[in-house]
J.: 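My questions all concern the structure below.
Please read these numbers as outputs of a predicted model, since none were measured by experiment. Reckoned from all heavy atoms, side chains included, excluding hydrogens, waters and symmetry mates.
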Amino acid sequence: MSDSQPIVPVILSGGSGTRLWPMSRAEKPKQLLSLTAEETMLQLTARRAAGEQFGPPIVVANAHHADMVEEQLAAADSTARALVLEPIGRNTAPAIALAAIAAGGGAEPLLVMPSDHVIADVDAFHAAIQVALPLVRDGWLVTFGITPDAPETGYGWIKVGEAIGDGVHRVERFVEKPPREKAEEMLAHGGHTWNGGIFLFRADIYLGALASYAPEMLAAAQQAMEKGRRDGARIWPDADSFAASPSDSIDYAVMEKAPRVAVVPVTMGWSDVGSWDALHAISHADAGGNVVRGDAVVIESSNCLVRAEGGKRVALVGVEDLIVVVSGDDVLVLPRGRSQEVKKIIEAMQKSG
């Protein structure tokens with residue numbers, strides 16, 4: 001593999017983002033929304049993998065979002081080399097298999113990124129990529145470990161093993177989303193990172209690992225692509241073939257089983273913006289700790305997140321630590337600290353609906 005071979009960004013945009021209801025919904029999930037900046041999260045993801053060392057991205061998305069994805073990429077000065085339109089969600093491992101096949105399945109390095117994460121320090125991210133590349137060229141599967149700053153129970157963790165290069169370590173083991181006590185212990189002990197779900201590896205090495213550890217998944221992805229339909233950059237994998245694939249994450253299917261897996265720990269202002277609380281934490285607040293977007297009046301209130309969209313006005317007086325989101329005809333009100341419970345609302349609405 002030549003040193004000049006450009007990195008192929010692989011942007012995973014299949015998620016539905018229900019934790020940010022009512023703004024994020026199946027028809028327009030969070031990566032297609034302007035939540036953290038003027039640009040959408042998909043556009044910010046594409047921009048952080050632009051430049052001379054990167055080729056055009058391969059985007060794996062829900063077939064219903066094809067037009068929106070193409071429009072947003074164009075607005076961010078990006079054009080997809082391939083837009084792989086999943087007929088059905090099968091988790092990250094099969095989605096990345098489709099992308100690796102679309103890339104040609106050779107020695108191209110693939111930079112796999114979820115489309116709905118925030119990275120504040122893009123320079124640090126690019127530096128970590130450079131640190132990883134020599135091992136990637138040598139056939140290692142590399143993940144980027146986020147330096148932890150809290151005993152987070154919502155992420156998987158990685159135990160960092162021996163150094164195998166400057167700033168690169170062997171992964172000693174992947175740790176499931178831990179209970180609070182275990183997370184506090186890992187944070188205090190050091191030597192652990194969060195598993196941010198961002199990877200760098202050669203397409204052929206990833207497909208080879210699938211052949212070893214998840215052959216049914218590889219066969220389903222290959223057949224889906226062979227029988228698929230193409231129109232310009234758009235690829236529709238065959239639905240029946242892809243549906244036969246097991247649904248599994250890349251962590252379970254490959255990373256936890258393969259022998260040559262490395263981690264590059266990095267501090268880069270990362271957030272998966274997995275809840276309204278997370279959005280409040282990374283957003284610029286006023287003097288009272290309020291984060292306000294849209295037509296809202298906030299009086300004698302503190303530490304609130306207020307989002308008003310769709311021509312509705314919101315007024316808050318004398319409250320604190322509230323999340324208030326208005327989108328279309330839906331209104332969400334809950335105390336800060338409980339935004340992970342939005343999924344309870346979704347479940348209740350699905351039962352009643």
J.: If you take all heavy atoms of P6 and G55, which pair is closest and at what distance?
T.: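 So the minimum-distance heavy-atom pair works out to CB-N, 3.8 Å.
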J.: Taking the side chain as every heavy atom from C-beta outward, state whether L316 and C304 have any pair of such atoms under 4.5 Å apart.
T.: yes
J.: Could you check whether atom NZ of K344 has more than 12 heavy atoms from other residues, nucleotides or ligands sitting under 6.0 Å from it?
T.: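 Atom NZ in K344 is not crowded, with 12 or fewer foreign heavy atoms closer than 6.0 Å.
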J.: Quick check for you: to the nearest 0.5 Å, what is the distance between S271 atom OG and D116 atom CG?
T.: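 Taking OG in S271 and CG in D116, the distance rounds to 9.5 Å.
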J.: Could you state the interatomic distance from OG1 (T92) to CG (D251), rounded to the nearest 0.5 Å?
T.: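 Atom-to-atom, T92:OG1 and D251:CG are 6.5 Å apart.
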J.: Should F54 and L83 be counted in the same cluster of Ile, Leu, Val, Met, Phe, Trp and Tyr side chains packed under 4.5 Å apart?
T.: yes
J.: Between R260 and D138, is there a donor-acceptor pair closer than 3.5 Å when you use the side chain of the first and the backbone of the second?
T.: yes
J.: Do L322 and W21 sit in the same hydrophobic cluster, where Ile, Leu, Val, Met, Phe, Trp and Tyr count as joined when their side-chain heavy atoms come under 4.5 Å apart?
T.: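 No: no chain of side-chain contacts under 4.5 Å links L322 to W21.
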J.: Determine whether L44 and V118 make a side-chain contact, defined as any pair of heavy atoms from C-beta on separated by less than 4.5 Å.
T.: no
J.: Can L279 and R307 be said to form a side-chain contact (heavy atoms from CB on, under 4.5 Å), step by step?
T.: CA-CA 11 Å; L279 183 62; R307 304 274 306 207; 4.0 Å; yes
J.: Which heavy atom of A82 sits nearest to which heavy atom of I235, and what is that distance?
T.: CB-CD1, 4.1 Å
J.: Any donor and acceptor pair, going by atom type alone, linking the side chain of S301 with main-chain N or O of G318 inside 3.5 Å?
T.: yes
J.: Using side-chain contact (heavy atoms from CB on, under 4.5 Å) as the criterion, point out the one residue from V291, L334, I323, V324 that pairs with W276.
T.: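 Only one of V291, L334, I323, V324 forms a side-chain contact (heavy atoms from CB on, under 4.5 Å) with W276, namely I323.
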J.: Find out whether E152 and L187 are in side-chain contact, i.e. whether some heavy atom of one side chain is under 4.5 Å from a heavy atom of the other.
T.: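 E152 vs L187: side chains apart.
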J.: Can you sort out the partners of Q43 under side-chain hydrogen bond (donor to acceptor under 3.5 Å, both in side chains), two or more places apart, ordered by chain and number?
T.: T40
J.: With respect to Q53, which candidate in H126, Q130, Q5 satisfies the side chain to side chain donor-acceptor pair (under 3.5 Å) definition?
T.: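 Exactly one option meets the side chain to side chain donor-acceptor pair (under 3.5 Å) with Q53, and it is Q130.
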J.: Looking only at non-hydrogen atoms, find the nearest pair between R19 and G274 and report the distance.
T.: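 The answer is NE-O, 3.2 Å.
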J.: Hey, does the side chain of N91 reach the backbone of A93 with a donor-acceptor pair shorter than 3.5 angstrom?
T.: no
J.: With Y155, which residues qualify under ring pair (Phe, Tyr, Trp, His ring centres under 6.0 Å), at least two apart?
T.: W194, W270
J.: Which distance, rounded to the nearest 0.5 Å, do you find between the CG of D277 and the CD1 of I282?
T.: 12.0 Å
J.: In Å and rounded to the nearest 0.5 Å, what is the CG to CG distance from L42 to L32?
T.: 6.0 Å
J.: With sequence neighbours left out, what residues match F242 under ring pair (Phe, Tyr, Trp, His ring centres under 6.0 Å)?
T.: none
J.: So does R137 get a backbone contact from the side chain of R202, meaning a donor-acceptor N/O pair under 3.5 Å?
T.: yes
J.: Give the intermediate values and the outcome of side-chain contact (heavy atoms from CB on, under 4.5 Å) for residues F199 and M255.
T.: CA-CA 10 Å; F199 307 95; M255 301 301 278; 3.7 Å; yes
J.: Quick one: closest heavy-atom pair of E70 and R234, and the distance?
T.: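 Heavy atoms only, the tightest pair is OE1-NH2, 3.0 Å.
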J.: Can you name the closest pair of heavy atoms from H169 and G161 and give their distance?
T.: ND1-O, 3.0 Å
J.: Report the C-alpha distance between F201 and I250 in whole Å, list the side-chain angles of each, state the deciding distance to 0.1 Å, and finish with yes or no for side-chain contact (heavy atoms from CB on, under 4.5 Å).
T.: CA-CA 12 Å; F201 40 65; I250 177 176; 3.7 Å; yes
J.: Using a 4.5 Å cut-off on heavy atoms from C-beta on, say whether the side chain of I129 contacts that of L200.
T.: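 They are in contact (side-chain heavy atoms under 4.5 Å apart), so the answer is yes.
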J.: Quick one: NE2 on H64 to CD on E86, what's the gap to the nearest 0.5 Å?
T.: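 Here the interatomic distance stands at 11.5 Å.
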J.: Between E216 and P246 (side chain of the first, backbone of the second, donor and acceptor by atom type, cut-off under 3.5 Å), is there such a pair?
T.: no
J.: Does K30 use its side chain to pair, donor to acceptor, with the backbone of V273 at less than 3.5 Å?
T.: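 Yes, the answer is positive, given that a donor and an acceptor are paired below the 3.5 Å cut-off.
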J.: Starting from the C-alpha separation in whole Å, work towards a yes-or-no answer on salt bridge (Lys or Arg N to Asp or Glu O under 4.0 Å) for R25 and D330.
T.: CA-CA 12 Å; R25 19 184 115 221; D330 295 304; 2.8 Å; yes
J.: With a 4.0 Å cut-off, would you call K351 and E347 a salt bridge?
T.: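 Salt bridge flag = no for E347 with K351.
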J.: Using modelled atom types only, decide if a donor and an acceptor are shared between the side chain of D272 and the backbone of H117 within a distance under 3.5 Å.
T.: no
J.: Should I58 and V136 be counted in the same cluster of Ile, Leu, Val, Met, Phe, Trp and Tyr side chains packed under 4.5 Å apart?
T.: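 Result: no, two separate clusters.
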J.: Check step by step if side-chain contact (heavy atoms from CB on, under 4.5 Å) holds for L35 and R293.
T.: CA-CA 9 Å; L35 283 171; R293 289 271 293 261; over 6 Å; no
J.: Considering residues, nucleotides and ligands other than R47, do more than 12 of their heavy atoms fall under 6.0 Å from its CZ?
T.: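 Count over threshold, so yes.
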J.: Side-chain heavy atoms nearer than 4.5 Å, only ILVMFWY residues, links allowed to pass through others: does that put V263 and I205 together?
T.: yes
J.: So, does H280 use its side chain to make a donor-acceptor pair with the main chain of S275 at under 3.5 Å?
T.: no
J.: Verify the neighbour count for atom CZ of R81: are there more than 12 heavy atoms of other residues, nucleotides or ligands below 6.0 Å?
T.: yes
J.: With the side chain counted from C-beta on, respond yes when M268 and T147 share a heavy-atom pair under 4.5 Å apart, and no when they do not.
T.: no
J.: Starting at OG of S283, measure out to CG of N290 and round the result to the nearest 0.5 Å.
T.: 12.0 Å
J.: Grab the two heavy atoms, one from T153 and one from P179, that are nearest each other, plus how far apart they are.
T.: CG2-C, 3.9 Å
J.: Got S13 and H65 here, is their nearest side-chain heavy-atom distance under 4.5 Å?
T.: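 A side-chain contact is absent here, since even the closest heavy-atom pair is not under 4.5 Å.
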J.: Within a 6.0 Å radius of atom NZ on K28, are there more than 12 heavy atoms belonging to other residues, nucleotides or ligands?
T.: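 Result for NZ/K28: open.
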J.: Counting distance only, does the side-chain N/O of K312 pair as donor-acceptor with the main-chain N or O of G328 below 3.5 Å?
T.: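 Present.
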J.: Are any of the side-chain heavy atoms of F125 and D121 separated by less than 4.5 Å?
T.: no
J.: So if you build clusters from Ile, Leu, Val, Met, Phe, Trp, Tyr with side-chain heavy-atom gaps below 4.5 Å, do V112 and L98 land together?
T.: yes
J.: Given side chains that start at C-beta, do those of D166 and V131 come closer than 4.5 Å, heavy atoms only?
T.: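 Answer no - side chains too far apart.
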